[in-house]
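Data block below; observations after.
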Amino acid sequence: MIELIKGFKDILPEGISLWQRIETEAKTIFDDFGYREIRLPILEKAELFARSIGDTTDIVEKEMYSFEDGKRGLVTLRPEATASVVRSYIQQRMYAADPIQKLFTIGPMFRKERPQKGRYRQFYQIDAEVFGIASPYMDAQMIFMLMTLFSRLKVAGLSVLLNSLGCPACRPAFKEALLSMIEAKKEALCENCSRRLLKNPLRVLDCKVPTCREAVKEAPAITDYLCKGCDDHFSAVKEMLSGLGVGYEIDKGLVRGLDYYTRTIFEIQTSALGAQNAVAGGGRYDGLVELLGGPSQPAIGFAIGFDRLCDIMAQYEKPSQKPLQVFFITEGAEAGKQGANWVSRLNQAGVTAEMDYGERSVKSLMKRADKLDAAFVVIADGEGLEKGQVILRNMKTKEQSSISTTGITEQLQSIIVNQRS
RNA sequence: GUGGGUGUAGCUCAGCUGGCAGAGCGCUAGGUUGUGGUCCUGGAUGUCGAGGGUUCGAGCCCCUUCACUCACCCCA
C-alpha cells in the first residue's frame, strides 16, 4: 500500500464543511475590512525566503523543501506566505498604482519539521498583509479584525500576546544590554542558546529550557529600550486596542522566529492544542519591502493557522452533511433504467437523490435509505410501472402513497419544497 | 536531530505466569416469500507492523528495523 508522506494529511469529506465555513467567514471579514484576495504560486526561488526570513532562522536552516530546478537553480516550497506577497507587491509594481494595498491569501505552506499535534509538514494558512501604512492604528485594527473573526467563529479561550521589537535605530542598544547581561550567565545556557548568542541573541529570550528561562529571568525588557518613535508607536497600538475592547498582555519574551519583524509583533494563543499554542501570529515588517528590492514602504501582516483553527473548532463543532431528499428503490431492469433517469433529472433540478445500483433486497435498500438519512423513498417495480404508478414513502411519518410516474420529477420537487416549509 | 508512548479485524481496543487469535461498533444475510431505525439469529474479514533469535510451542520473551504518535527545538 502506498501511504501518504510523513507530516502530510488528507482532509476527508466528513471534515470539509468546517474548512469551508472558516474560509467563507474569513473571506467575508476580509471583504468587510477592505482586503482583496491574491493567489500566488507555491513554489518560489529559494533565495526569496533566505533573504526575507533570515539565513540563520530554523526555517531556512533546516526546514525548507528545496530542490534544484535545472537552470533556474534552487527552488523552494514556500514555508510562509509573506515573502511571496511582498515579492508580488514589488514585481507587479502594485505600489505604483497605489502604495496602500490590503491583501489576503489562503493556501498551503511547507516546513520539514518533526510532526506532532497541531503541526504538519503541509499546513494551511490564512494570511493577510497591509502595505504602505505605517500608522499604529493599522496594527491595532489588524488584531481587532483577527479577534472579530475568531469571535464570529465562536472560538473562545484565546489570548493576545503583544510585544515590540523596536527598529534598527533602537534595537542595537537593547541587544548590547542583553548580551552583557547574558554573558555573565553563559554557563547556564543550553547548547542551542550558546550558539544563538552570537548569531541572534534575541532568540535566547524565548527558549523554553528551564535553566535558560532562569538565566534570562532578569533580562532587560526590550520595551524599556525603545526609541521615542517606537515607544510612541507601541503606546498608540495599546491604547487603540483598549479602546476597541481587545484584551492583551505584554510578553517581553515574545520574539518570533523570523528576522524581518520590526516594532509590533503579536501572537494569538490557545490552550486547546497541546504544546502548539499559536493559532495566529504576525507583526510589522517595515524594512522588508526595501530589503527585497522594492521601494521603502512600511508593512504589517499576520497568518492564521488554518489547520489549528479547524482542530480547535472540531472539538465542539459537529460535522454537517447535506441530507438526502429522495432515495429510489427499483426492481427489475426497466425500473432501474427509469430510476436512473429520474435521479439524473432531480439532481439537475437541485434535488439530492440517490438510487440503488445493485441487486439487493428491499429490506437492505430501506436500511441504506435510512443510513443516508433520506427524507423520502420511492419504490418502483415492474408491475407498478406498467400501471404508471410508484410508491412514495415519507420516512419520518411512515406515510405511503401511490403517485403517478407522469411528471414524477416535478411532483417530487413540489412535495420536497412543501416539506421544507 | 533528541527523548517517551503505541503498533492485534474496516474502526476502537482486550488478550493472564508463553499453550487453538477475541469483544464492541461497523459491514453483510436472515427472522418478516419486496418496506428502515429498536430487538433477535447467523456470516465474512487478520502477514498479531516487518525481519531474525530463544522455545516442543511466541501476539506475549530477546535483538534489529519500520511506521504512527506525543514532547523537546521552533512555529501557524
Side-chain angles (χ1 to χ4, degrees), chain A residues 1 3-9 53-54 56-63 78-82 106-128 146 190-193 195-196 200 203-204 206-210 212 254-258 265-270 273-282 301-312 324 327 329-332 335 356 358-384 391-400:
Chain A
M1 182 176 40
E3 291 172 311
L4 49 60
I5 304 168
K6 183 204 281 281
F8 288 63
K9 65 170 176 181
I53 298 170
T56 63
T57 56
D58 283 2
I59 294 177
V60 173
E61 271 185 346
K62 56 189 188 196
E63 294 173 1
R78 62 178 183 194
E80 57 115 36
T82 303
I106 300 175
M109 310 295 155
F110 304 83
R111 287 182 206 171
K112 205 169 185 169
E113 298 176 277
R114 193 71 161 251
Q116 65 189 72
K117 189 177 179 69
R119 188 161 82 200
Y120 314 96
R121 288 185 168 184
Q122 175 175 339
F123 57 101
Y124 296 77
Q125 285 189 342
I126 299 171
D127 185 271
L146 253 177
C190 69
E191 211 176 301
N192 246 320
C193 285
R195 189 171 50 83
R196 276 196 289 228
N200 200 342
R203 300 283 291 288
V204 178
D206 69 350
C207 185
K208 276 148 194 132
V209 176
C212 294
L254 185 64
V255 173
R256 304 188 58 74
L258 291 75
I265 56 167
F266 55 91
E267 212 166 276
I268 315 297
Q269 296 196 347
T270 173
L273 283 180
Q276 261 48 42
N277 52 14
V279 214
F302 68 76
I304 300 170
F306 204 149
D307 318 62
R308 289 186 182 174
L309 189 52
C310 278
D311 287 352
I312 295 171
L324 183 64
F327 186 81
I329 295 176
T330 62
E331 200 175 46
D356 64 292
E359 314 235 322
R360 300 209 292 169
S361 70
V362 172
K363 174 176 176 168
S364 71
L365 290 169
M366 285 298 290
K367 278 190 176 173
R368 180 162 172 76
D370 189 53
K371 185 183 156 189
L372 294 173
D373 202 19
F376 291 94
V377 166
V378 170
I379 301 167
D381 60 7
E383 203 179 315
I391 296 165
L392 176 70
R393 178 179 177 87
N394 181 322
M395 292 296 274
K396 199 174 262 176
T397 64
K398 297 185 177 182
E399 284 166 345
Q400 287 195 181

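Just so we're clear, the structure is a prediction, and the values are computed from it rather than from any experiment. Chain identifiers are assigned alphabetically (A, B, ...) following the order of the sequence lines, protein sequences preceding nucleic acid strands; residue numbering begins at 1 within each chain. Because only heavy atoms are used, hydrogens play no part in the values below, and waters and symmetry mates are left out as well, while side chains stay in.
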What is the separation between atom [atom1] on [X] and atom [atom2] on [N], rounded to the nearest whole Å?
{"X": "A:Met395", "N": "B:rU35", "atom1": "CE", "atom2": "C1'", "answer": "8 Å"}
{"X": "A:Arg114", "N": "B:rA67", "atom1": "CZ", "atom2": "P", "answer": "10 Å"}
{"X": "A:Lys396", "N": "B:rG37", "atom1": "NZ", "atom2": "C1'", "answer": "13 Å"}
{"X": "A:Lys371", "N": "B:rC25", "atom1": "NZ", "atom2": "P", "answer": "16 Å"}
{"X": "A:Tyr120", "N": "B:rC68", "atom1": "OH", "atom2": "C1'", "answer": "14 Å"}
{"X": "A:Gln276", "N": "B:rU69", "atom1": "CD", "atom2": "C1'", "answer": "13 Å"}
{"X": "A:Asn277", "N": "B:rA71", "atom1": "CG", "atom2": "P", "answer": "11 Å"}
{"X": "A:Glu113", "N": "B:rC70", "atom1": "CD", "atom2": "C1'", "answer": "15 Å"}

TODO: Count the heavy atoms of every other residue, nucleotide or ligand shown that sit under 6.0 Å from CD of A:Gln400, and state whether that count exceeds 12.
DONE: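 Correct, the count exceeds 12.
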Open item on the list: Please determine whether any donor N or O and acceptor N or O are separated by less than 3.5 Å between the side chain of A:Lys398 and the base of B:rG37.
Closed with: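 Side chain to base: pair found, below 3.5 Å.
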Open item on the list: If you go through the side-chain atoms of A:Arg368, does one of them form a donor-acceptor pair with the base of B:rG36 closer than 3.5 Å?
Closed with: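 It does not, because no donor-acceptor pair links the side chain of A:Arg368 to the base of B:rG36 below 3.5 Å.
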Compare side-chain N and O positions of [X] against OP1 and OP2 of [N] and report whether any pair is under 4.0 Å apart.
{"X": "A:Gln116", "N": "B:rC72", "answer": "yes"}
{"X": "A:Arg256", "N": "B:rA76", "answer": "yes"}
{"X": "A:Ser361", "N": "B:rA29", "answer": "no"}
{"X": "A:Gln125", "N": "B:rA76", "answer": "no"}
{"X": "A:Arg119", "N": "B:rC70", "answer": "no"}

TODO: Select one nucleotide: of B:rC74, B:rC68, B:rU28, the one nearest the side-chain heavy atoms of A:Lys6.
DONE: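 Of the options given, the side chain of A:Lys6 lies nearest B:rC68.
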- [ ] Measure from the side-chain heavy atoms of A:Asp370 and tell me the nearest of B:rA76, B:rG37, B:rA71.
- [x]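 So the nucleotide nearest the side chain must be B:rG37.
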So [X], base contact, sugar-phosphate only, or nothing? Heavy-atom distance under 4.0 Å.
{"X": "A:Ile379", "value": "base"}
{"X": "A:Thr57", "value": "nothing"}
{"X": "A:Lys117", "value": "sugar-phosphate"}
{"X": "A:Ile391", "value": "base"}
{"X": "A:Ala369", "value": "nothing"}
{"X": "A:Gly274", "value": "sugar-phosphate"}

TODO: Can you measure from CG (A:Asp356) to CG (A:Leu365) and round to the nearest 0.5 angstrom?
DONE: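 Separation between the atoms: 4.5 Å.
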Task: From A:Gln122 atom CD to A:Lys9 atom NZ, the distance as rounded to the nearest 0.5 Å - done: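 It is 9.0 Å, given to the nearest 0.5 Å.
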Counterpart base for [N], defined by Watson-Crick or G-U wobble contacts under 3.5 Å:
{"N": "B:rC13", "answer": "B:rG22"}
{"N": "B:rU2", "answer": "B:rA71"}
{"N": "B:rG43", "answer": "B:rC27"}
{"N": "B:rG37", "answer": "none"}
{"N": "B:rU32", "answer": "none"}

If the [atom1] atom of [N] is compared with that of [M], how far apart are they to the nearest Å?
{"N": "B:rA67", "M": "B:rG51", "atom1": "P", "value": "16 Å"}
{"N": "B:rU17", "M": "B:rG24", "atom1": "C1'", "value": "28 Å"}
{"N": "B:rG7", "M": "B:rA14", "atom1": "C1'", "value": "15 Å"}
{"N": "B:rC48", "M": "B:rC13", "atom1": "C1'", "value": "13 Å"}
{"N": "B:rG4", "M": "B:rU41", "atom1": "C1'", "value": "47 Å"}
{"N": "B:rG59", "M": "B:rG49", "atom1": "C1'", "value": "12 Å"}
{"N": "B:rG26", "M": "B:rC40", "atom1": "P", "value": "12 Å"}
{"N": "B:rA21", "M": "B:rU45", "atom1": "C1'", "value": "13 Å"}

TODO: For the residue pair A:Phe110 and A:Phe8, categorise the inter-ring angle as parallel (less than 30°), tilted (30 to 60°) or perpendicular (more than 60°).
DONE: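 It falls in the tilted class, 30° to 60°.
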- [ ] Decide side-chain contact (heavy atoms from CB on, under 4.5 Å) for A:Leu254 and A:Glu267; before the verdict, give the C-alpha distance in whole Å, the side-chain angles of both, and the deciding distance to 0.1 Å.
- [x] CA-CA 8 Å; A:Leu254 185 64; A:Glu267 212 166 276; 3.5 Å; yes
Open item on the list: I want to confirm an ordering. Mapping A:Glu3 and A:Pro115 to their closest nucleotides on RNA chain B, which one lands closer to the 5' end?
Closed with: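 Result: A:Glu3.
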Open item on the list: Quick check on RNA chain B: between A:Gln400 and A:Phe306, whose nearest nucleotide comes earlier from the 5' end?
Closed with: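 Here A:Gln400 is the residue nearer the 5' end.
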Taking [Y]'s backbone N and O only, do any of them form a donor-acceptor pair with [X]'s side chain (distance below 3.5 Å, no angle check)?
{"X": "A:Arg308", "Y": "A:Gly118", "value": "yes"}
{"X": "A:Arg119", "Y": "A:Arg114", "value": "yes"}
{"X": "A:Arg111", "Y": "A:Pro79", "value": "yes"}

Task: A:Phe123-B:rA76 aromatic stacking (under 5.5 Å, under 30°) - done: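 Whether judged by distance or by angle, A:Phe123 passes, so it stacks on the base of B:rA76.
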